Amino acid sequence: MFADQDIIAAIATPIGQAGIGIVRMSGPGCFSIARKIFRPRNPVSAFKSHCLYLGQLLDPCSNNAVDEVLVTLMKAPRTYTREDVVEIHSHSGYILLSKILDILLSQGARLARPGEFTLRAFLNGRIDLTQAEAVMDLINSRSERGLVLASRQVRGEFREEIETLKQKAVRILAQAEAGIDFPETGADGGLRERGPEEIERDLVEPMEALIASSEGRIWVDGVSTVIAGRVNVGKSSLLNRLLNEQRAIVTAIPGTTRDVIESSLCIEGIPIRLMDTAGLRSGADEVEQMGIALTRKKLSEADFVLVVIDRSRPLDPEDLGIMQEVQEKPTLLVINKVDLPARLHEGVGTDVLSRFPCIEISALTGQGLDDLKKAIQKAVLGANLDATSGQAAPNARHRHALGRAVGFFRAAVLRIKEDAPLEIVALELSSGLESLGEITGETTAEDVLDSIFSQFCLGK
Ligand SMILES: Nc1nc2c(ncn2[C@@H]2O[C@H](COP(=O)(O)OP(=O)(O)OP(=O)(O)O)[C@@H](O)[C@H]2O)c(=O)[nH]1
Ligand SMILES: [Mg+2]
């Protein structure tokens, strides 16, 4: 998928009816395509870069005007991709935008792959990989705080933190290499004496703080919240009630939900990815068993769990089993069906209920819903899912690379303390540096880049 000189084109605005739509092209030669298909209202001898021109967009086959448009030609390198870029601002509507795109393709452009404009910005050195990823976070952000974190990263604040770490690691590596080249002269700059402390203080500790700040991802990605419970307790009713729409099928038949149904919403300012799941029970048929396996997988990955319990029935050993299963996770018990007579305490083991925060609701009537939302907010914030006031929100890829780097730098400390040859110390240090380089994209494998950019939307 990598660097080529093609002219790429795509619709940059969402599909649908709107006031304005934008089609854009990037690549050397895209200006000549623009000149062929655009007739400015006032004759122009030479287009000025970054200026908007009003005129007609022509279909070169028929020479008919397709739409009245605004066109801007942006000269490299002061563009998103650092290549020549053309933007055509037309009226919006899928057919019209597709027609304009078709004209560009007929004139020699090719359809851009998802994220290819941003890929070019990265390959041409305008942004590093953390900034490219933050562009995607900015587009997908699920809360205002997530937006702030993503825009900091787009501006390069996270990249700078990584660059600072890299410079420190390079300095220590240089000491090790000097010690290898001039073993007798003490050229290692006191690496044997001070190295372990410096590596811990300047590299390992700040990197661990960055790893911890990845908890801030909840503001970008949303808190992964699983609704779990026995069959028929009202899990799907709760999902529908919180979303205020009939998203999941609700019936009185136990085992209605078999798949995971996911929706996003904000509860009291907290972005939540809410998942309704198949009820947990034994003796289910094959399809339901697969649903239950999926529930367990989602439960193991969840940041937060809502365990729903039916108050109109005696507490059941299966309810207890579920509470047991989630005891390590931040959990809120949702005692449902309070509109019916209470029979919960006729069951056994009800003292377990007091170990969890509880809230009573009726998913059917909506009673207790406001309290539930406040309880969710309190439980999520109280669970310290985002215990940091970090300025960055490293994603899973950054976190793993940082973890690998910490491992190498710790190994370097160990080697120095064991008096190992400096060649071995240098090897650990350069492996750590390489892991840091993966974050910013210097040493990132092609398939990783491929998978990052393929997650982008078309036209970005
Ligand atoms: N009276 C009363 N009935 C409810 C309440 N919540 C859900 N129900 C009823 O309980 C039955 C099961 O509701 P669902 O939401 O499908 O339950 P579920 O937990 O998703 O069930 P499964 O998908 O089968 O695991 C339906 O008949 C609902 O109308 C409630 O608060 N009060
Ligand atoms: Mg259900």
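Computed from a predicted structure; not experimentally measured. Whatever order the structure lists ligands and atoms in, that order sets their numbers, starting from 1.
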*For atom 1 (N) of ligand 1, what's the nearest protein heavy atom and its distance?*
D339 OD2, 2.8 Å
*asked:* Checking the side chain of R281 only, and the main-chain atoms of V231 only, is there a donor and an acceptor separated by less than 3.5 Å?
replied: no
*With atom 24 (O) of ligand 1 as the reference point, say which of G255, S362, G279, S236 has the nearest heavy atom.*
G255
*asked:* Looking at every non-hydrogen atom in both residues, tell me the closest pair between F122 and T440 and how far apart they are.
replied: CE1-O, 3.9 Å
*Checking only N/O/S atoms, does S237 have one that is under 2.8 Å from the Mg ion (ligand 2)?*
no
*Does the shortest distance from the Mg ion (ligand 2) to an N/O/S atom of S236 fall below 2.8 Å?*
yes
*asked:* Taking only non-hydrogen atoms of I253, do any sit less than 4.0 angstrom from ligand 1?
replied: yes
*Counting only N and O atoms by type, is there a donor-acceptor contact under 3.5 Å from the side chain of N124 to the main-chain atoms of R120?*
yes
*Can you pull out the closest protein heavy atom to atom 14 (P) of ligand 1? Residue, atom name and distance to 0.1 Å, please.*
S237 OG, 3.6 Å
*Heteroatom distance test (P254, ligand 1): nitrogen or oxygen, under 3.5 angstrom*: no
*So, is V233 polar-close to ligand 1, with some N/O to N/O distance under 3.5 Å?*
yes
*Polar contact flag for A278 and ligand 1 (N/O pairs, less than 3.5 Å)*: no
*asked:* For K373, is there any backbone N or O sitting under 3.5 Å from a side-chain donor or acceptor partner on K378?
replied: no
_Side-chain donor or acceptor of N240 paired with backbone N/O of R247 under 3.5 Å_ = yes
_Pairs of nitrogen or oxygen atoms closer than 3.5 Å, one from A363 and one from ligand 1: do any exist?_
yes
*Would you find a donor on one side and an acceptor on the other, under 3.5 Å apart, between the side chain of Q367 and the backbone of S362?*
no
*Could you tell me whether K235 and ligand 1 have an N or O pair separated by under 3.5 Å?*
yes
*Considering only protein heavy atoms, which is closest to atom 9 (C) of ligand 1, and at what distance to one decimal place?*
K337 NZ, 4.0 Å
*Which residue supplies the protein heavy atom nearest to atom 26 (C) of ligand 1, what is that atom called, and how far is it?*
T251 O, 3.4 Å
*Just by distance, with hydrogens left out, do T81 and R126 show a side-chain donor and acceptor under 3.5 Å apart?*
no
*So, for N232 and A252, which heavy atoms are closest and what is the spacing to 0.1 Å?*
OD1-O, 3.4 Å
*Is it true that the side chains of E83 and S26 contain a donor and an acceptor less than 3.5 Å apart?*
yes
